[in-house]
Amino acid sequence: MTEKETILKAEARDLSFYYGQAKALKNISLPLYDKKVTALIGPSGCGKSTFLRCFNRMHDLYPNNHYEGEIVLHPDNVNVLSDKVDPIEVRMRISMVFQKPNPFPKSIYENVAYGLRVRGINKKSILDEKVEEALTNAALWNEAKDRLQDLAFNLSGGQQQRLCIARALAIDPEIMLFDEPTSALDPIATASIEELMDELKSRFSILIVTHNMQQAARVSDYTAFLYLGELIEYNETKKIFTNPDRKETEDYITGRFG
Amino acid sequence: MRFTLQEMRTMIARHKRWDHIFGLVGMLCLLLGILTLVVLFGQLLLQGMERLTPEFFTSFPSRRAENAGILSAWVGTVAVMLVTAMTAVPLGVAAAVYLEEYAPRNWMTAIIEINVTNLAGVPSIVYGLLALGLFVYQFGLGQSILSAGLTLALLILPVVIVATREALRAVPGSIREAAYALGATRWQMVSGHVLPYSSAGILTGMIIGLSRAIGETAPIITIGALTFIAFLPNSPVTTDFPFISFKWLMDPFTVMPIQMFNWTSRPEEAFQLNAAAAGVVLLVMTLAMNGLAIWLRYHLRKKIKW
Amino acid sequence: MNTPSNRLAYKPLRHIKERIIEAGLFLAAFMSVATTFAIVAILVYESIPLFKVVSLWTFLTDTQWTPLFDDAHYGIMPLVAGTMVTTAVALAVAIPMGTIIAIYLSEFASHKVRESIKPVLELLGAVPTVVYGYFALIFVTPLLQKLMPELSGFNMLSAGLVMGIMIVPYVSSVSEDAMRAVPMHIREGSYAMGSTRFQTATRVVVPGAFSGIAAAYILGISRAVGETMIVAVAAGMQPNFTLNPLEPAATISSYIVQVALGDLPHGSIGYQTIFAAGLTLMLMTLVFNVIGYWLSRKFREVY
């Protein structure tokens, strides 16, 4: 099987997370493989988004949160959650696409160029090239090439989400996080994003949160089932969806709860 | 375009320097603002201290600086504020109730809304000119307490309207529906439920408005208030039936800020001390009113949970 | 005793009472329209006699304003210049300071700092302007004179600086509201790209709040243009056609105060000039407000 070729990209080790006093994640350990898609499923409120947002330290933006345990990035063995590691450094290596498309109040071009500008790259030739490349890879170039100076808000919802993907692609991340990227989109836009994800996984490791089990089955190589902040089961997607080890997983997948 | 870890860390350190610089600059700006307030108050207090005796509050203005006091000024301020509050609050609350609870969505309402916003931006001295032309001469009210009170009432009307509307809006729609469901008419719903529940918010708006009115000088000078008043207005209480008199409304007057301005513009050094002392009194009045409003707002937010 | 059907019957009296109340409330709301109308009407009506004597051209182009002298000149420009200079000085203080404070409070300060410092800052806008005038004259001018010995006792610089401080809370609180209206998920998007706070604030939040910030600036300008007492106390009240902030000068509003302080018979030339000056002031504020309205319309953000 493919397991022999897989390279470990990151792993959560005994990760717990607290909102103030409330323990939202309980001792989760989970590997993330390079060039593979890992899906997080579970009923709402199970902590899957919370878990995802640990990877780029989004929780640091709000007071009174704290982490326990580690998330280690390979091959350089950096613990993302360490106090010594700047969250900005983590976010430069790990991109994120959000639940609701959140383009900046800027032109399409400037949205994609944003990450490069933030990194101090302002040379027009490099920006032009990178913007085109990212938009092409996000399957938006043909629709957007004649209106690059248009405000991003003028795009449709699905286009906006692809723009956000292009924005994240332009900085060449090592891991890309998707937080229910299609929950605000119609079925056609959803299909195009899923298709895109399949192409993108050749470039980096992908972690996706989804509430839609068919989506997890379609796009992912590995699936983790979370429930009440605990990791119930993690395995290859095929195995999870055909023959799960745990009864809770089976109940959830067959729609008996949640 | 991937950076090495080392390049990335150097770059982040460079970028974060701006965070630190801006944090510092922001702090400094805030401090400068607050420092100004402190220095201003300290300066006034230091200069005016020796004049702040009980006699200062019970004496009329005088040609001799050390005998001059603010009796007529503070009595005038109280009288004018009374007229202002009695006019601006009912008018402002009624206007706000209309706009929030009654107004249909049509061009008339839109014009009223735009007007309230625009009036808040009209310079206060223009209100003074309006009052001079309209109240003093057209209506023949003269340079009286009534004229001044009405002028300031118009001036703070937008403040009262905006604050009241905010307070009314904070009352959830379910309360209104509950009242209607019990068969209340619109006015019964407003007077019996929405107004009482938002009274603290309305009170806050009233205090803020009055605190603005109390310090206003320009419009009152414009209507021609006198600067040297060595007598008090007629008493509102009389010994004869019906024991209440409104003659004071038509009396000439002076107010605190005008008294202070008058002393400030005197060339003699001695009067500057009076000006400072009057400034302390004026400032304490405004700050106390604002403090009260802040306190009210704070407690309101803590108490009511819909 | 009433039967239920009787109690639910239509009561015309109650209906009429409701209508009367509604009409009363409408009249109160209509007061704002009446006030605006009255302001314009009075300003125009009382200044018309002046424009019968002085042509509009002279009013706008004569470089002297000496209506109460024997050799009377009626050029509003010296007063407009004074107003412009004090406003410019005030804005040079209020716009940078107000914007920086707004960004700091909205993006950098913790919740606790923000909630405790904002009310204190807002007191700056509550201090009576005559007190500020006194402060400018007695404290700021001598302080400036230590740096610039040639500065005159009355000058527009110190009045403008103090006015700027007064306007800071107006600029900062409206700008801050606009910045905080930028939704959190837009900010998260920026942070997720690896931006620092400063980058997020300047590249995403400020452009995203532009229409609100423009409105805050316009509010600041209107305040500065109409401010009276600080200038009347600290800048002297002599019309002086100059753009040099180190000199004393009168503004439109301080001229009105100066004339109103004297004996002002109804219908006299002095009486007419203050209405003409007021009309000019009103038009200036109107122009700024129209610009502001246009700006915030053009750059309105939709999230």
Side-chain angles (χ1 to χ4, degrees), chain B residues 15-16 18-19 22-23 25-26 29-30 32-34 36-37 39-40 43-44 91 94-95 97-99 102-103 111-112 115-116 118-119 121-126 129-130 133-134 137 154 157 185-187 211 215 217-218 221-222 224 257 260-261 264-265 272 275 279 282-283 286-287 290 294, chain C residues 14 18 21-22 24-26 28-33 35-36 38-39 42-43 46 97 100-101 103-104 108 117 119-121 123-124 126-131 133-135 137-139 165 168 196-199 222 225-226 228-229 233 253 256-257 260-261 264 266 274-275 278 281-282 285 289:
Chain B
H15 290 167
K16 281 188 91 168
W18 284 103
D19 275 21
F22 188 84
V25 173
C29 282
L30 268 176
L32 181 61
I34 291 165
T36 309
L37 203 60
V39 170
L40 178 139
Q43 157 87 12
L44 282 177
L91 261 182
V97 166
Y98 180 78
L99 289 174
Y102 283 82
I111 287 182
I112 294 176
N115 258 287
V116 173
N118 281 351
L119 282 180
V122 171
S124 62
I125 192 138
V126 171
L129 291 172
L130 168 69
L134 199 65
Y137 290 116
L154 283 185
L157 204 53
T185 63
R186 195 185 283 258
W187 175 245
S211 87
T217 324
I221 292 180
T222 310
M260 180 179 174
F261 174 67
T264 307
S265 49
Q272 300 300 331
L282 193 55
L283 205 54
T286 4
L287 296 193
N290 276 276
I294 291 166
Chain C
R14 181 160 90 181
E18 285 283 319
I21 288 170
E22 181 168 350
L25 295 174
F26 171 77
F30 192 74
M31 270 297 287
S32 67
V33 181
T35 307
T36 308
I39 287 175
I42 287 281
L43 289 180
E46 299 282 11
M97 230 176 116
I100 289 172
I101 288 177
I103 296 176
Y104 183 80
F108 282 71
I117 255 177
V120 183
L121 192 68
L123 289 182
L124 272 181
V127 173
T129 52
V130 63
V131 174
Y134 178 86
F135 180 66
L137 181 69
I138 302 292
F139 186 82
I165 296 276
V168 163
T196 59
R197 264 179 203 281
F198 185 70
Q199 286 170 327
S222 322
V225 168
T228 312
M229 293 317 288
V233 173
S253 53
I256 298 174
V257 159
L261 277 172
L264 191 63
H266 186 203
I274 62 173
F275 283 92
L281 185 64
M282 197 60 190
T285 345
N289 276 301

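Note on naming: letters A, B, ... go to the chains in the order of the sequence lines (proteins, then strands), and numbering restarts at 1 for each one.
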Contact class of [X] relative to chain B, heavy atoms under 4.5 angstrom:
X       : answer
I274(C) : both
I39(C)  : both
L281(C) : side chain
T36(C)  : both
S253(C) : both

Need one label for [X]: side chain, backbone, both or neither, based on atoms under 4.5 Å from any heavy atom in chain C.
X       : result
S265(B) : neither
L40(B)  : both
L119(B) : side chain

Pick from [options] with the largest number of heavy-atom pairs that fall under 4.5 Å of chain B:
options                            : answer
N289(C), I103(C), L137(C)          : I103(C)
V168(C), L121(C), V127(C)          : V127(C)
V233(C), I138(C), V225(C), T129(C) : I138(C)
E22(C), M282(C), E46(C), M31(C)    : E22(C)

- Query: For V39(B), which residues count as a side-chain contact (heavy atoms from CB on, under 4.5 Å) partner, sequence neighbours excluded?
  - Reply: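 V39(B) satisfies side-chain contact (heavy atoms from CB on, under 4.5 Å) with L35(B), F135(C), F139(C) only.
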So, for [X] and [Y], which heavy atoms are closest and what is the spacing to 0.1 Å?
X       : Y       : answer
G26(B)  : I100(C) : CA-CG2, 3.7 Å
T196(C) : K16(B)  : CG2-CG, 4.0 Å
D19(B)  : F108(C) : O-CE2, 3.7 Å

- Query: For the side chain of Y104(C) and the backbone of C29(B), is there at least one donor-acceptor N/O pair under 3.5 Å apart?
  - Reply: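 Here the side-chain-to-backbone pair does not exist.
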- Task: Considering only heavy atoms and a distance below 4.5 Å, find which of G215(B), S124(B), A95(B) pairs most often with chain C.
- Result: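 Option with the greatest count: A95(B).
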- Item | Residue among L91(B), L130(B), T286(B), L283(B) with most heavy-atom pairs under 4.5 Å to chain C |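 When all of L91(B), L130(B), T286(B), L283(B) are compared, L130(B) has the most.
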- Task: Look up atom CH2 in W187(B) and atom CG in L25(C), then write down how far apart they are to the nearest 0.5 Å.
- Result: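 It is 5.5 Å, given to the nearest 0.5 Å.
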- For the atom pair CG (N290(B)) and CG (L123(C)), what is the distance rounded to the nearest 0.5 Å?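 The distance works out to 5.5 Å.
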- Are Y102(B) and F26(C) close enough that their ring centers fall under 6.0 Å?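 No, they do not, as the ring centres are separated by 6.0 Å or more.
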- Task: Quick one: sort the F198(C) and W18(B) rings into parallel, tilted or perpendicular, breaks at 30° and 60°.
- Result: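 F198(C) vs W18(B) ring planes: parallel.
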